[in-house]
Number of protein chains: 2
Amino acid sequence: METSCCAPNELTPDLRPIEGPEADEELAALAKAIGHPARVQIIRLLGTRVSCVCGEIVDQLPLAQSTVSQHLKVLKDAGLVRGEIDGPRICYCLDPRNLRRLRALIGGL
Amino acid sequence: METSCCAPNELTPDLRPIEGPEADEELAALAKAIGHPARVQIIRLLGTRVSCVCGEIVDQLPLAQSTVSQHLKVLKDAGLVRGEIDGPRICYCLDPRNLRRLRALIGGL
DNA sequence: AAATGCTATCGTCATCGAGCGATGAATGGA
DNA sequence: TCCATTCATCGCTCGATGACGATAGCATTT
């Protein structure tokens, strides 16, 4: 049915503090997840695609499938990317909430 | 003579592209440098201090002096921090230019 | 000249990260 | 039911990272 596989992009305000020990940990974790060129590329890919991508990412990167899967796991664990099962494949998309969170934290520096 | 040890904060516009392979590498490198809680704390410290700090950083962090020095080196290599010799000690300060650069790159995601 | 104080660097160790091929689990189609 | 496709996970190697104590370099002060 071609429903967008990505969540409805909730717009509730983010009340988490922008500094303090927890914010430091959070920022470090998010930044660490982006701290690799391949993962930056993945995020860019997911940003440009209107629909969410699945294994096309593997085709776009000069890396083995297992390696790309690892990078996706890192991004998913950091909360920057979500993956939803779509039949035999898995549909990845950005998590706009945590991306905004990252921008806010970086902006607070 | 208590001259501020930090450079004059030049305001020339940043013409570097915000996306593409080079930008990906650059963003990854900058993010990687921030990808550790201690380094986030260091950046925050340097941001709040009016004057540039030197070894006070060691006092503020629960880490050995050599470890802090290592983290400072990482931040310096990434271009986020500058260190200038000030007599017997070394004065560290943020590099506002590359901090802005980081914000721009993150904003471009 | 010698001593002190501040940082950087070195050596070491444990852990993590990145990369790959091979294997395994789950789904959809033949 | 069996096969093909898709993705995750395992096992492995190797280099990078984080942490520390100890040591060396350098400027100021005595």
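In what follows, chains carry the letters A, B, and so on, assigned in the order in which the sequence lines appear, proteins first and then strands, with residues in each chain numbered from 1.
Qualifying salt bridge (charged side-chain N to carboxylate O under 4.0 Å, His left out) partners for K73(B), counting only residues two or more places apart in sequence or in other chains: D77(B). Shown here are the salt bridge (charged side-chain N to carboxylate O under 4.0 Å, His left out) partners of R89(B), two or more places apart in sequence or in another chain: there are none.
Annotation: the span from D14(A) atom CG to R100(A) atom CZ amounts to 7.0 Å, rounded to 0.5 Å.
Atom CD of E84(A) and atom C1' of dC7(D) are 16 Å apart (whole Å). Separating the CG atom of D86(B) from the P atom of dA27(D) is a distance of 13 Å, rounded to the nearest angstrom. The distance between atom CD of E56(A) and atom C1' of dT5(D), rounded to the nearest whole Å, is 15 Å. In this structure, the CD1 atom of I85(B) is 11 Å from the P atom of dT7(C), given to the nearest Å. Taking atom OH on Y92(B) and atom P on dC6(C), their separation rounds to 15 Å, with Å as the unit. Straight-line distance from the CZ atom of R89(A) to the P atom of dA4(D): 17 Å, rounded to whole Å. If you take NZ of K73(A) and C1' of dT6(D), they are 18 Å apart, rounded to a whole angstrom. Atom-to-atom, CG of L75(B) to C1' of dT7(C) comes out at 16 Å; the value is rounded to the nearest Å.
In this structure the side chain of V68(B) never reaches within 4.5 angstrom of the side chain of Q65(B), judged on heavy atoms. For the pair R82(A)/K76(A), no side-chain contact is recorded, criterion being any heavy-atom separation below 4.5 Å from C-beta on. Looking only at side-chain heavy atoms (C-beta outward), L27(A) and L102(A) come within less than 4.5 Å of each other. For the pair D95(A)/V81(A), no side-chain contact is recorded, criterion being any heavy-atom separation below 4.5 Å from C-beta on.
Both L94(B) and Y92(B) belong to a common hydrophobic cluster when Ile, Leu, Val, Met, Phe, Trp and Tyr are linked at side-chain heavy-atom distances under 4.5 angstrom.
In this structure, R49(B) contributes its side chain and C93(B) its backbone to no donor-acceptor pair below 3.5 Å.
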Taking only nitrogen or oxygen atoms into account, show me every contact under 3.5 Å that the protein makes with nucleotides 28-30 of chain D, one pair per line with its distance.
none

Would you give a per-nucleotide map of nucleotides 18-24 of chain D, 5' to 3', where B means the base has a protein non-hydrogen atom under 4.0 Å away, S means only the sugar-phosphate does, and - means neither? SSBBB--

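Rounded to 10 degrees, the angle between the two end axes of the helix from dA1(C)-dT30(D) to dA30(C)-dT1(D) is 10°, with five pairs used at each end.
A salt bridge does not link R16(B) with E22(B): every distance from a Lys NZ or Arg NE/NH1/NH2 to an Asp or Glu carboxylate oxygen is 4.0 Å or more.
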Using residues 32-47 of chain A as the side-chain source, report each donor-acceptor pair under 3.5 Å to any protein atom, sequence neighbours left out, with the distance given to one decimal.
unit_1: H36(A); atom_1: ND1; unit_2: A38(A); atom_2: N; d: 3.1
unit_1: R39(A); atom_1: NE; unit_2: A33(A); atom_2: O; d: 2.5
unit_1: R39(A); atom_1: NH1; unit_2: H71(A); atom_2: ND1; d: 3.0
unit_1: R44(A); atom_1: NH1; unit_2: D24(B); atom_2: OD1; d: 2.1
unit_1: R44(A); atom_1: NH2; unit_2: I18(B); atom_2: O; d: 3.0

